[in-house]
Amino acid sequence: MDKFIIAKSKLFGAVEISGSKNAALPIMAATLLTEGRCVIKNVPCLRDITTMIKILEVLGKKITFNNNILVVESNKSKKYVAPYRLVKTMRASFCCLGPLLAKVKKAKVALPGGCVIGPRPVNLHIKGLTGLGANISVEKGYCQAEAKKLKGNNIYLGGPFGSSVLATANVMMAAVLAQGDTLIEHAACEPEISSLGQFLREMGADIEGFGTPLIKIKGKKSLNGCEFKVISDRIEAGTFIAVSLATGSDILIEQAVPGHLFSVFEVARKMGAKITVDNKNKQIKVKPPKKIKAVNITTLPYPGFPTDLQAQFMACLTKAKGISLINEKIYPDRFMHVAELNRMGALIQKTGPYAIIEGCKKLQGAEVQASDLRASAALVVAGLVAENSSKISRIYHIDRGYENIEDKLKKLGANIKRIK
Ligand code: EPU
């Protein structure tokens, strides 16, 4: 298993953001809706993408993936089983359920189970697809779904923690081939959902309202292949904002969509950063303060502050003057990074869905272990500011979601090395 050795670094320069993993994954699942050829550009080369490629291949697709361009072709397969050995490594595989149901009329997708960021139920996915007329049962760890004919309906997708991104994706993908009209209420508004909506429209779907809580769909008989470019990864861009703040380095973030990051700018500015945005040239210039100010952060569904940046900003706040509070409202148990940051000298107390972060003078390098994708990014942020060097193990987590992370950091001047 690979490890990172990281030492305290001062960075400077520009970094280019890759395509969004969380936009690319449901779009890849949506190719199951057509026998046409789909050409998807700006797909990041990541472990989760490779897993989704394997799932689509098991389901009968022929795929090539070179230079961030993914070409998906079909052999008119009627395969409908997404096996546990693949699904267990990546929850997003569950969003094959909707398109398989719509196209093949049945689907058998392994239940993804829990994960270190807390319980991850699928009740909203099942509720939404059942509302479109599917018969769904859960047996022996698999979700089995069948529908001779999906029928449009009014589907309410609000849950105890707000909307659900992948449940919205699943229902959208099933409804575009259902008979009649569907109205999804309390839909997720994340840019990744808008990107999926745009892709479905390119495929010929009649869909509007994506990006708002009310999505309207008129079912079509069939969809065509298309060409599409995946949006830039807002979470990767936000991670580099955290890197800039923590290390006190001026960084220019390129190929970003500033419009997707207002809540993050708001927090960064409260922490004392100067953020300059150039929408036309897709650039974000981050000038950090000499000393970060303590802030309170609440994670919320989009356009609120993303849970996927909570860990990285917590790592920054260990350096702040004063006491900060983080309220995790999406995944109340997503705090695996707290213990590891404390091993590096941070003063963080977790209580329920809150973390209280007391700014400390210095973090100390240590041997730490990544527990999940965003927690591993937080340890990288901490490793870049800690005295002495740190060794981060289990970095396969970071490889799931950050394309060429150490090359990008090295280019900015970071002292980071991957060892086998
Ligand atoms: N929820 C339910 N019932 C459901 C589904 C979700 O109660 O049927 C709850 C969840 O437990 C959670 C909340 O709703 O409390 C939101 O979960 P959501 O369904 O939106 O999460 P997701 O769609 O499974 C995606 C991203 C996650 C990101 C979340 C929230 C992908 C592939 N994954 O997951 O990304 O944290 O939305 O924004 O898009 C990551 O990239 O590190 C990551 C975990």
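The shortest heavy-atom contact between Cys360 and Ala346 is SG-CA, 4.3 Å. Nearest heavy-atom pair, Ser263 versus Pro306, reported as atom, atom and distance to 0.1 Å: OG-CD, 3.8 Å. The minimum heavy-atom distance between Met52 and Ser93, with the atom names listed, is CE-CA, 4.2 Å. Considering every non-hydrogen atom in both His125 and Ala167, the closest pair reads CE1-N, 3.3 Å. In plain terms, the two heavy atoms of Leu56 and Thr31 that are nearest each other are CD1-OG1, 3.9 Å. Residues Ile193 and Ala188 approach most closely at CG2-O, 3.6 Å, considering heavy atoms.
Counting heavy atoms from C-beta on, the side chains of Glu57 and Ile63 come closer than 4.5 Å. Within the 4.5 Å cutoff, the side chain of Gln369 has heavy atoms near those of the Glu340 side chain. The closest side-chain heavy-atom distance from Tyr142 to Pro83 is below 4.5 Å. With a 4.5 Å cut-off on side-chain heavy atoms, Ile323 and Ile356 count as touching. Side-chain atoms of Val385 and Lys319, non-hydrogen and from C-beta on, do get closer than 4.5 Å to each other. Using a 4.5 Å cut-off on side-chain heavy atoms (C-beta onward), Thr299 and Asn327 make no contact. Contact check for Pro258 versus Phe265: side-chain heavy atoms found under the 4.5 Å cut-off. Met271 places a side-chain heavy atom less than 4.5 Å from the side chain of Cys316.
Residues Gln255 and Ser232 have side chains that never bring a donor and an acceptor to within less than 3.5 angstrom of each other. Between the side chains of Glu328 and Thr307, a donor-acceptor pair is found at a separation under 3.5 Å.
Not one N or O on the side chain of Tyr354 forms a donor-acceptor pair closer than 3.5 Å with the backbone of Gln349. Checking side-chain atoms of Thr239 against main-chain N and O of Ile235 turns up a donor-acceptor pair under 3.5 Å. Looking at Thr168, its side chain does come within 3.5 Å of a backbone N or O of Ser164 through a donor-acceptor pair. Side-chain N or O atoms of Ser389 include none that pairs as donor or acceptor with a backbone N or O of Ala7 at under 3.5 Å. A donor-acceptor pair under 3.5 Å is formed between the side chain of Lys127 and the backbone N or O of Tyr156. Under the 3.5 Å distance criterion, the side-chain polar atoms of Thr89 are matched with a main-chain donor or acceptor of Leu86. Of the possible polar contacts, one joining the Ser9 side chain to the Asn415 backbone as a donor-acceptor pair under 3.5 Å is found. Glu190 places a side-chain N or O within 3.5 Å of a backbone atom of Tyr302 that can act as its donor or acceptor partner. A donor-acceptor pair under 3.5 Å links the side-chain atoms of Asn170 to the main chain of Phe94, judged by distance alone. The backbone N or O of Gly401 sits nowhere less than 3.5 Å from a side-chain atom of Arg47 that would complete a donor-acceptor pair.
Here Lys282 does not pair with Glu254 in a salt bridge; the nearest charged N to carboxylate O distance is not below 4.0 Å. With respect to Glu403 and Lys21, no salt bridge is recorded, no charged nitrogen being found less than 4.0 Å from a carboxylate O. Of the charged side-chain nitrogens involved, at least one lies within less than 4.0 Å of a carboxylate oxygen, so that Glu73 and Arg37 count as a salt-bridged pair. For the pair Arg334 and Asp308, the salt-bridge criterion is met [side-chain N within less than 4.0 Å of a carboxylate O]. Comment: Glu192 engages Arg234 in a salt bridge, judged by a side-chain N to carboxylate O separation of less than 4.0 angstrom. Ion pairing of Asp399 with Arg418 is present here, as a side-chain N (NZ or NE/NH1/NH2) and a carboxylate O approach within less than 4.0 Å.
Results of the side chain to side chain contact (heavy atoms under 4.5 Å, CB included) test with Pro99 over Met28, Met172, Met173 single out Met173 as the only residue that passes. The only member of Arg374, Glu236, His397 that meets side-chain hydrogen bond (donor to acceptor under 3.5 Å, both in side chains) when paired with Tyr402 is Arg374. A side chain to side chain contact (heavy atoms under 4.5 Å, CB included) with Val171 holds for exactly one of Leu124, Leu157, Ile217, Val176; it is Leu157. Just one of Leu379, Ile405, Ile419 meets the side chain to side chain contact (heavy atoms under 4.5 Å, CB included) condition when paired with Phe4; it is Ile405.
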Residue pair Lys108, Cys143: steps toward the side-chain contact (heavy atoms from CB on, under 4.5 Å) verdict:
CA-CA 6 Å; Lys108 185 174 170 186; Cys143 183; over 6 Å; no
If you apply the rule side-chain contact (heavy atoms from CB on, under 4.5 Å), what do you find for Arg85 with Val58, and how did you get there?
CA-CA 12 Å; Arg85 79 186 150 82; Val58 166; 4.0 Å; yes
side-chain contact (heavy atoms from CB on, under 4.5 Å) evaluation trace for Ile215 with Thr182:
CA-CA 8 Å; Ile215 301 178; Thr182 295; over 6 Å; no
Under the side-chain contact (heavy atoms from CB on, under 4.5 Å) criterion, do Lys61 and Ser77 qualify, and how do the steps go?
CA-CA 8 Å; Lys61 292 285 186 186; Ser77 159; over 6 Å; no
Using the rule given for side-chain hydrogen bond (donor to acceptor under 3.5 Å, both in side chains), can you reason through Lys293 versus Ser324, listing the C-alpha separation, both sets of side-chain angles and the distance that settles it, and then say yes or no?
CA-CA 9 Å; Lys293 291 183 202 143; Ser324 304; over 6 Å; no
Let me see the working for Glu35 and Lys103 under salt bridge (Lys or Arg N to Asp or Glu O under 4.0 Å), right down to the final yes or no.
CA-CA 10 Å; Glu35 274 137 31; Lys103 187 78 175 108; 3.1 Å; yes
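Between Phe305 and Phe313, the distance separating the two ring centers is shorter than 6.0 angstrom.
For the atom pair CD1 (Ile357) and CG (Asn342), the distance works out to 10.0 Å, reported to the nearest 0.5 Å. Between the NZ atom in Lys10 and the CG atom in Leu412 there is a gap of 12.5 Å [rounded to 0.5 Å]. Rounded to the nearest 0.5 angstrom, Ile184 CD1 and Ser163 OG are separated by 11.5 Å. Atom CE in Met344 sits 10.0 Å away from atom CG in Asn388 (nearest 0.5 Å). Atom CD of residue Gln283 and atom OG1 of residue Thr276 lie 10.5 Å apart, to the nearest 0.5 angstrom. For the atom pair CZ of Phe199 and CG of Leu223, the computed distance is 9.5 Å after rounding to the nearest 0.5 Å.
The number of heavy-atom neighbours closer than 6.0 Å to CZ of Phe12, taken from other residues, nucleotides and ligands shown, is 12 or below. The environment of NZ in Lys350 is crowded: more than 12 heavy-atom neighbours from other residues, nucleotides or ligands sit within 6.0 Å. Within a 6.0 Å radius of NZ in Lys62, no more than 12 heavy atoms belonging to other residues, nucleotides or ligands are found. Annotation: Tyr84, atom OH; neighbour count of heavy atoms from other residues, nucleotides and ligands within 6.0 Å does not exceed 12. At most 12 non-hydrogen atoms from other residues, nucleotides or ligands lie less than 6.0 angstrom from CG of Asn67.
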